[in-house]
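In what follows, a single structure is set out as structure tokens and then discussed.
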Amino acid sequence: MRDKTLCVKRPEVSHEGFASLATPTYRASTIVFDSAEAYANRSKRGPDGYTYGLHGTPTSRTLEASITALEQGLRTVLVPSGQAAITVVFLSVLMPGDTVLIPDSAYPPVAAFCENYLKPRGISHRIYDPMIGAGIDSLIDDTVKLIWTESPGSTTMEIQDIPAIVAVAKSRGVLTGCDNTWATPLYFKPLAHDMDFSSMALTKYVGGHSDLLMGSVAVKDMTLHKKLKDTMRMIGMGVSPDDCALALRGLETMGVRLAHSGRVALNFARKIADRVAPELVLHPALPGAAGHAFFQRDFAGASGVFSLVIPSHAEAALPDLLTGAQTFSIGASWGGTHSLLAPMTITRATDAHAHPGTILRINVGLEDEDDLWADLEPIIEAIATAPAVKKAV
Ligand SMILES: *Cc1c(COP(=O)(O)O)cnc(C)c1O
């Protein structure tokens with residue numbers, strides 16, 4: 001071989017004796033084949049074969065397999081964001097004329113996708129009260145093909161009665177899916193509750209360091225896996241092996257990060273509930289929280305995100321208090337090592353559980369607990385000092 005070829009072709013080196021605990025990052029667009037025949041038959045390589053970098057590398061397959069094992073599923077697909085994990089499910093199973101049911105507490109871009117993308121293409125949606133339980137039966141007609149759930153709901157934190165919803169869906173032949181981002185499969189396993197799809201924004205706890213965007217959908221049925229993969233192939237959707245390597249790294253510490261953040265968050269939620277009207281604290285592990293009994297029945301733990309309803313008398317003080325926080329940062333997304341405060345305004349399509357005004361979403365990261373509490377204290381004080389909500393002593 002001449003020099004310019006030597007620059008391009010890589011010499012074989014020994015892998016013998018090399019054993020690393022790290023998953024190699026295999027980058028690829030092209031996959032090469034041993035023979036023209038193998039190339040011609042590449043589409044017959046099956047769901048786990050390698051054909052093109054977009055459709056999977058050993059790095060992405062390792063992440064998929066790790067999530068599949070945790071979700072107790074059969075296969076997992078990886079997509080570029082948590083939002084894409086939801087939309088790829090909807091696009092895979094809904095056809096013009098069909099209807100999807102979504103909870104009023106869903107991650108807000110879900111309703112926007114239904115309204116602005118699916119509806120003009122002839123796919124309908126109906127928004128239901130997240131606490132509907134078995135009452136979802138009354139919303140099902142022949143057009144309903146999918147019931148989406150998210151438990152707890154984004155910001156408002158309602159825990160849904162998943163077993164009741166699944167029982168109705170099964171009896172009516174409707175598919176079910178759950179956005180499991182908050183609990184992760186460490187604390188809740190939608191597929192083990194007989195749901196068809198379990199999605200996660202890996203962006204949050206799996207990535208865990210606020211530096212990657214990715215989503216996953218786990219299934220326990222190869223037909224549904226094929227539908228997801230077909231949709232992804234048609235749309236041209238895949239993930240980068242470098243991001244998969246970061247997600248694999250994040251996953252290794254997820255258990256201890258969740259345990260720590262969950263413990264501190266619950267401690268804060270209890271302390272706040274002692275100081276202000278307890279119904280202002282939206283944390284599923286607190287008695288009185290929406291769906292608390294379902295949380296106790298179905299979940300193995302709580303992660304580090306909860307919310308605080310800001311009563312109207314404290315709203316004016318909030319912006320300065322947030323800006324003055326020393327340890328918390330202000331921002332959306334969550335699940336990373338940095339603690340975050342995000343003031344949210346929630347609108348409701350049904351008359352379910354409305355909280356007019358601001359809800360403060362609190363994401364507890366890994367900083368010192370006392371430093372974090374020092375930021376929360378003046379916010380609690382602003383809420384608690386108003387006579388209207390001060391607890392009777
Ligand atoms: C953040 C989030 C998403 C979207 O994830 P992205 O990766 O930011 O698109 C979806 N669902 C829930 C519950 C989330 O918190």
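Values below: all heavy atoms of this structure, side chains included; hydrogens, waters and symmetry mates excluded. Order of appearance sets the numbers: ligands from 1, and atoms from 1 within every ligand. Start at 1 with the first residue, then count along the sequence.
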Within 45° cone of F294 ring axis and under 6.0 Å: R297 NZ or CZ: no
Nearest neighbour of atom 5 (O) of ligand 1 from the list A201, P109, A106, on a heavy-atom basis: A201
From K204, M200, E150 - option closest to atom 13 (C) of ligand 1 by heavy atom: E150
Under 3.5 Å: N/O of T203 near N/O of ligand 1: yes
In terms of residue, atom name and distance, what is the protein heavy atom nearest to [atom]?
atom	answer
atom 9 (O) of ligand 1	Q83 N, 2.9 Å
atom 12 (C) of ligand 1	D179 OD2, 3.4 Å
atom 6 (P) of ligand 1	G82 N, 3.3 Å

ILVMFWY cluster, L372 and L258 together (side-chain gap under 4.5 Å): yes
Joint hydrophobic cluster, I102 plus I346, side-chain heavy atoms closer than 4.5 Å: no
Numbered atoms and elements of ligand 1 in range of S81, under 4.0 angstrom, heavy atoms: 7 (O), 9 (O)
Structural part of W334 in contact with ligand 1, heavy atom criterion under 4.0 angstrom: side chain
Salt bridge (Lys or Arg N to Asp or Glu O under 4.0 Å) between K271 and E377, worked out: CA-CA 10 Å; K271 275 163 78 170; E377 189 115 57; over 6 Å; no
V144: hydrophobic cluster co-members (side-chain, 4.5 Å): L101, Y128, I132, I136, L139, I140, I147, I165, V168, V174
Trace of the side chain to side chain donor-acceptor pair (under 3.5 Å) decision for D129 with T350: CA-CA 6 Å; D129 178 342; T350 70; 5.4 Å; no
